[in-house]
There are 2 protein chains.
Amino acid sequence: MVSLESLGNQSLKIHLRVADQLGLAILRGEYAPGDALPPEIRLCEMLGVSRTAMREAIRGLIAKGLIDSRPKLGTRVRPPEYWNHLDVDVLRWQLEVSDTESYVRKMFQLRHATEPAATAIAAENGTSEDHQRIEAAFNAMVAAGSDNGLFVEADLAFHKSIYLATHNEFFWPIGQLFSVALKEMFRIAALGSHRPRAIIEHGDVLRAILERKPDMARAAALTLLGNAASDIRRIREGAPEQR
Amino acid sequence: MVSLESLGNQSLKIHLRVADQLGLAILRGEYAPGDALPPEIRLCEMLGVSRTAMREAIRGLIAKGLIDSRPKLGTRVRPPEYWNHLDVDVLRWQLEVSDTESYVRKMFQLRHATEPAATAIAAENGTSEDHQRIEAAFNAMVAAGSDNGLFVEADLAFHKSIYLATHNEFFWPIGQLFSVALKEMFRIAALGSHRPRAIIEHGDVLRAILERKPDMARAAALTLLGNAASDIRRIREGAPEQR
DNA sequence: GCCCGGTATTGGTAATACAATATCATCGAG
DNA sequence: CTCGATGATATTGTATTACCAATACCGGGC
């Protein structure tokens, strides 16, 4: 018998696939802000899904602030300032359609604002469990050796643990966002980076947190960030990574 | 005939009402992280809605990271570190169930991290349209006179415009969040504050942005924030506002 | 020119079939 | 007889179809 796998990647829940396609189309600008999308039924037959699935997908896009839907006047694309750009899906779509360059810059602008503060707060508020988690991630970075995947994984875990250690819920989703975004970027351009220096700098951050020295932690985070940013810039400019 | 209006506020789309109830219940801790909520059908009859509506509500809560749903083991509450605390609904629920005190503090921690940076970036990148919008909000603050509602509205518009003027999409949702959160707080404890001083400080921020002086803008935002935080602290402590 | 009803489009409900999976019972081997 | 693997079953989420309600817009009739 002919399996259904033949069409498309599958295995994802279908309203997610649908939402993906619609979201990409919107981010790509196929439907400009203010425009109305085709009516539900047209969309259904265009993508070959049921109306319920389409409605669930639309529900999701509404939650992300991309569109607004009212009876009779259709579902319209909202102006971008209403979009939830911190949503990981929105971010992913954005990365797929627009040039990465400016997004790296903007993301580091935000990270530059939040991460030194988060690190300082973590140095102030971190519990011993937090300390253990951060230290474990650091050790994993060291132990990763030449394995790029492991290293990146541990690196992301390190920073995410710091955001968690703030014990401030508002910082958590931001750490989550960076984790996803950076992973996506590494997927695009696998980054060797200056591993020895990175480890030293992460160690400085770790020590400041363990010793509960907020100011030192903030400073360490700042230097780490500055170097990370210039690393990525160098890579984007096509310079060969030097180890 | 008996109108349906009798039960509840109404006029909101029903899956939103349902999501509201479920979200509140989760935030209230009625369903602890790891717990499974009742099966869909039970929930449907408990709240008196159709399965589709319930599914749409659940879809929304999944998008906010509150729950996760898998066949057979039910829909379970995820650990709070996965919740999207930057989502305005999550924030609203949190404010309704937990004490405001610590949330004001945490929110100002974040604001302290982002707003000086955003203001500096706005001073660097703001276009003339941005300048007009910010200035208009400032004028509205001045013109508000003794009308508290107008003043708060203009105040929020002022800060939101600054976040928009960064031309960095990642800052936009954060500005949006503060706008919603502070409005909610003012709703709870109407804040007269030091209006004359506030206007002067906002004027300093405005001038720095118009003159494109990032460092001055950052500094002005910092002093403004420091005073705003202590104002709110004083109010929370029950001290009478002095004008 | 104004009112009224038709129509198209989204919002909401219901019923049904399908798929995935944890639990439990049964069967067989040691 | 006990332990373990394996398969049936019940439960629960997933997906489709169909139908009715509310509403904004359009056009015709008075």
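All values below come from the heavy atoms of this structure, side chains included, with hydrogens, waters and symmetry mates left out.
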Aromatic rings A/Tyr163 and A/Phe171: how do their planes relate, parallel, tilted or perpendicular, breaks at 30° and 60°?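 The rings of A/Tyr163 and A/Phe171 sit tilted, inter-plane angle from 30° to 60°.
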Using atom [atom1] of [X] as one end and atom [atom2] of [N] as the other, report the distance to the nearest whole Å.
X: B/Leu16; N: C/dG12; atom1: CG; atom2: P; result: 8 Å
X: B/Glu45; N: C/dA14; atom1: CD; atom2: P; result: 12 Å
X: B/Leu43; N: C/dT13; atom1: CG; atom2: C1'; result: 17 Å
X: A/Asp68; N: C/dT9; atom1: CG; atom2: P; result: 18 Å

To the nearest 0.5 Å, what is the distance between [atom1] on [X] and [atom2] on [Y]?
X: B/Leu37; Y: B/Arg42; atom1: CG; atom2: CZ; answer: 12.0 Å
X: A/Gln21; Y: A/Leu16; atom1: CD; atom2: CG; answer: 12.0 Å
X: A/Ser161; Y: A/Ile134; atom1: OG; atom2: CD1; answer: 6.0 Å

Do B/Lys64 and B/Asp87 sit within salt-bridge range, that is, some charged N less than 4.0 Å from a carboxylate O?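 Yes, B/Lys64 and B/Asp87 are salt-bridged.
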Kindly write out the residues that satisfy salt bridge (charged side-chain N to carboxylate O under 4.0 Å, His left out) with A/Glu30, not counting sequence neighbours, or none if the list is empty.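 In terms of salt bridge (charged side-chain N to carboxylate O under 4.0 Å, His left out), with neighbours along the sequence ignored, A/Glu30 is linked to A/Arg28.
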Between the protein and nucleotides 9-14 of chain D, which nitrogen or oxygen pairs are less than 3.5 angstrom apart?
from: D/dG13; atom 1: OP2; to: B/Glu40; atom 2: N; distance (Å): 3.3
from: D/dT14; atom 1: OP2; to: B/Arg55; atom 2: NH1; distance (Å): 3.3
from: D/dT14; atom 1: O4; to: B/Arg51; atom 2: NH1; distance (Å): 3.3
from: D/dT14; atom 1: O4; to: B/Arg51; atom 2: NH2; distance (Å): 3.4

Is the ring centre of A/Phe158 less than 6.0 Å from the ring centre of A/His202?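 So the answer is yes for these two rings.
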Give the dot-bracket string for DNA chain C, reading 5' to 3', where a pair is Watson-Crick or G-U wobble with both distances under 3.5 Å, ( ) marks pairs inside the strand, [ ] marks pairs crossing earlier ones, | marks a partner on another strand, and . marks unpaired. ||||||||||||||||||||||||||||||
Quiz question: by atom type and distance under 3.5 Å, do the side chains of B/Glu169 and A/Tyr103 form a donor-acceptor pair?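 Indeed, the side chains of B/Glu169 and A/Tyr103 share at least one donor-acceptor pair under 3.5 Å.
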